[in-house]
**Q** 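Here you go, one structure.
FYI, the numbering just counts along the sequence from 1.
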Amino acid sequence: MEIDKAIRESDDRRLKTKYNNAIHVIQRALALYSIEEVTFSFNGGKDSTVLLNLLRAGYFLHKGEQSCPNGSLTNFPIRTIYFESTSAFPEINSFTYDTATTYGLQLDIIRSDFKSGLEALLKAKPIRAIFLGVRIGDPTAVGQEQFSPSSPGWPPFMRVNPILDWSYRDVWAFILTCKVQYCSLYDQGYTSIGSIHDTVPNALLCISNASSNNEKFKPAYMLSDGRLERAGRVKKISPLVCGQPVENGMDRVDSNRNSILTASAIAVGDEILFGIVEDQLGPSLCKKLHSIGWAVSQTAVVRNDIDSVAEEVERQKSSNDMVFIYGGVGPLHSDVTSAGVAKAFGVRLAPDEEFEEYLRQLIGDHCTGDRNEMALLPEGITELLHHDKLPVPLIKCKNVIILAATNLAELDKEWNCLIELLRSTGLSLMEPYKSESLTTDLSDVEAAQPLSKLCIEFPDLHIGCYRKSRQGPLVISFQGKDQARIEAAIESLSKKLHPGAFSEVI
């Protein structure tokens, strides 16, 4: 069989693994269901084109060479659904019917909407499972597994997703390696094809041509960043959103530099809880947050345990504008931070093609196989924050930022890059907190009443007290965003106590 032969002769280890995994899913489905009980949804796009050829290879391997003379498969026995639409590109329709002729597809053509057409088909045919070319990153992929029952409200059937974990790069690696025919639109710069109303060539593939007014585009397989696959889909901006501030943690427009934004910090590490190492990043992070005017509501240390991380993130993300989490990031068994964040948001981990490319450049030959655990990120909620001074982007999941820093120098670097990113986009850098401290030899009893009155008089300030040792002086600290208010509070406290009560101003 030409597909299986091309893959076996390829030196692309990643593609071989993806292919073998997909074939395993297909063969498992064919073992569970008879040929009459399965069908394949084909739309003429690149993903379903890949799946068609995987199904051909999978059926060939499932039945054995004795059922396929000369090692070829001329007639494809699995029924194929095609939803024909008046808004489809003519090239898609032409490619679909040409493909049906080439491979002997038994087409069930549906011209109604997807749901009602599917209901009618399932009533007429004994179909129990449908092969779909869904991939991680597709809008419909969230929450799906390789075998997923249909959603509530839909007719009952099993969705079989053999290429769910394939990336844009994997799709084109398969097409080019196996020399598979594909729709001509992909050679015209289209990277993700919907209807004629919402699809244009991907501008990232545009070739500048000053001597001609006609735009030309490179083929789809030359798109270097698969995350931008859908950049050719026309996006309509809701009038309810357009012109309004977007609020999502640090994606908040700074309309009032004196407003209060809160953050929390979570350290992940059994070694901290066992007292083996001291958490130095937490205090430093608190200082950094205060320096940009953010209030820190809480710091916490949790175990290297997915449930522990998830519970803490879930608790803090709903009560803070931003949550910073560090520790537990990497390929080791104890590195559970990403999985915990994913669980807190109710999503799963999925391979991120762009992040994996960064890791491959960083790790090189040490990254083997097709599955880099560090490239599995929370599905559908991850944003990569790029900075040219960082070897890999910062990871932002909604209002949670995952820091990779393991020491103060690395934290300083990541923080400085984050601040530059914020400044370049005009986002929330608040009025920084200012701080003053006094020391006194007064006892706690003598200082208690004047300080209580002072807190009532200056509710906008954080007034704290501590001793570095039981016999040492009492330190009174003042934090706030208005230096004049701090000075007024110090003056007011001085009037409440006898002259010389303060021995030093820090």
**Q** Just checking, is any N or O donor in the side chain of D170 or S167 under 3.5 Å from an acceptor N or O on the other one?
**A**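 A pair is found: one side chain offers a donor N or O, the other an acceptor, under 3.5 Å apart.
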
**Q** Are any side-chain N or O atoms of R128 and backbone N or O atoms of E37, one a donor and one an acceptor, separated by less than 3.5 Å?
**A**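 No; judged by distance alone, with no hydrogens or angles, the pair does not exist.
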
**Q** Under the 3.5 angstrom rule, does the side chain of T49 hit a backbone N or O of Y182 as a donor-acceptor pair?
**A**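 Flag not set: sc T49 to bb Y182 has no pair under 3.5 Å.
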
**Q** Just checking, R28 and F147: is the charged tip under 6.0 Å from the six-membered ring centre and within 45° of the axis?
**A** yes

**Q** Taking the side chain as every heavy atom from C-beta outward, state whether W154 and E119 have any atom pair closer than 4.5 Å.
**A** no

**Q** I want to check something: taking the side chain as every heavy atom from C-beta on, are I78 and L30 in contact at a cut-off of under 4.5 Å?
**A** yes

**Q** Are E229 and R135 close enough for a salt bridge, meaning some N to O gap below 4.0 Å?
**A** yes

**Q** Tell me the side-chain hydrogen bond (donor to acceptor under 3.5 Å, both in side chains) pairs involving residues 326-343, sequence neighbours left out?
**A** D279-Y326, D307-K343

**Q** Would you please test L176 and Y221 for side chain to side chain contact (heavy atoms under 4.5 Å, CB included) and show each step?
**A** CA-CA 9 Å; L176 298 176; Y221 55 79; 4.0 Å; yes

**Q** To check you understand the geometry: which heavy-atom pair defines the closest contact between W172 and A220, and what is its length?
**A** CZ2-CB, 3.6 Å

**Q** With side chains defined as the heavy atoms from C-beta onward, is the minimum distance between L118 and F157 less than 4.5 Å?
**A**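 They are in side-chain contact.
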
**Q** Below 4.5 Å, heavy atoms only, C-beta onward: do W415 and L285 meet side chain to side chain?
**A** yes

**Q** Return yes if some donor-acceptor pair links the side-chain N/O of D4 with the main-chain N/O of A57 below 3.5 Å, else return no.
**A** no

**Q** Going by the rule side chain to side chain contact (heavy atoms under 4.5 Å, CB included), which residues pair with P201 if we only count those two or more places apart in sequence or in a different chain?
**A** Y190, F217

**Q** When you measure from the side chain of E9 to the backbone of A6, do you find a donor-acceptor pair of N or O atoms at a distance under 3.5 Å?
**A**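 Answer holds: no.
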
**Q** Nearest 0.5 angstrom please: L411 CG to T406 OG1, how far?
**A** 10.0 Å

**Q** Does a side-chain heavy-atom distance below 4.5 Å link V160 with F40?
**A** no

**Q** Quick check against the 3.5 Å criterion: does T177 have a side-chain atom that pairs as donor or acceptor with the backbone of F174?
**A**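 No; zero donor-acceptor contacts below 3.5 Å.
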
**Q** Go through the steps to decide whether Y186 and I175 satisfy the test side chain to side chain contact (heavy atoms under 4.5 Å, CB included), and finish with yes or no.
**A** CA-CA 12 Å; Y186 292 110; I175 290 173; over 6 Å; no

**Q** Using atom types as modelled and distance alone, determine if a side-chain donor or acceptor of S284 lies under 3.5 Å from a backbone N or O of L281.
**A**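 Looks like no, no N/O pair under 3.5 Å.
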
**Q** How long is the gap from CD1 on I325 to SG on C397, to the nearest 0.5 Å?
**A** 10.0 Å

**Q** Do you know the tightest heavy-atom contact between C178 and I7?
**A** SG-CD1, 3.7 Å

**Q** Roughly how far, to the nearest 0.5 Å, is NZ of K115 from CZ of F83?
**A**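 Those atoms lie 12.5 Å apart.
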
**Q** If every non-hydrogen atom of A265 is compared with every non-hydrogen atom of Q316, which pair is closest and at what distance?
**A** N-OE1, 4.1 Å

**Q** Donor-acceptor check, side chain of T80 to backbone of L105, threshold 3.5 angstrom: yes or no?
**A** no

**Q** Strictly distance-based, threshold 3.5 Å: is any side-chain N or O of K46 a donor or acceptor partner for the main-chain N or O of T191?
**A**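 The answer is yes, because a donor-acceptor pair under 3.5 Å joins these two groups.
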
**Q** For G194 and T199, which heavy atoms make the closest approach, and how far apart are they?
**A** N-OG1, 2.9 Å

**Q** I'd like to check L349 versus E379 (side-chain heavy atoms, cut-off strictly below 4.5 Å). Are they in contact?
**A**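 Answer no - side chains too far apart.
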
**Q** Are K288 and E414 within salt-bridge range, i.e. N to O under 4.0 Å?
**A** no

**Q** Does H24, at its NE2 atom, have more than 12 non-hydrogen atoms belonging to other residues, nucleotides or ligands within less than 6.0 Å?
**A**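 Open: at most 12 neighbouring heavy atoms sit under 6.0 Å from NE2 of H24.
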
**Q** At their closest point, which heavy atom of P156 faces which heavy atom of S150, and how far apart are they?
**A** CA-OG, 3.4 Å

**Q** Could you grab the distance from atom NZ of K413 to atom CG of N407, nearest 0.5 Å is fine?
**A** 11.0 Å

**Q** Evaluate the criterion side chain to side chain contact (heavy atoms under 4.5 Å, CB included) for residue pair L384 and V392; output intermediate values, then yes/no.
**A** CA-CA 9 Å; L384 298 181; V392 294; over 6 Å; no

**Q** Are L390 and H387 close enough that some pair of their side-chain heavy atoms sits under 4.5 Å apart?
**A** yes

**Q** What distance separates E91 CD from D98 CG, expressed to the nearest 0.5 Å?
**A** 12.0 Å

**Q** Looking at V50, is its backbone amide N or carbonyl O close enough to the side chain of N53 to form a donor-acceptor pair, meaning the two atoms are under 3.5 Å apart?
**A**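 Flag not set: sc N53 to bb V50 has no pair under 3.5 Å.
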
**Q** Which distance, rounded to the nearest 0.5 Å, do you find between the OH of Y103 and the CD of Q181?
**A** 7.0 Å

**Q** Are F355 and L377 packed together at the side-chain level, in the sense that at least one heavy-atom pair is separated by less than 4.5 angstrom?
**A**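 Touching, per the 4.5 Å side-chain cut-off.
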
**Q** Give the C-alpha distance, both sets of side-chain angles, the deciding distance and a yes or no for side chain to side chain contact (heavy atoms under 4.5 Å, CB included) between N202 and L223.
**A** CA-CA 9 Å; N202 195 322; L223 182 69; 4.0 Å; yes

**Q** For a quick test of reading the model, state the closest non-hydrogen atom pair linking L205 to P219 and the distance between them.
**A** CD1-O, 3.6 Å

**Q** State whether the side chain of K16 and the backbone N or O of S10 hold a donor-acceptor pair below 3.5 Å, judged by distance alone.
**A**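 Yes.
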
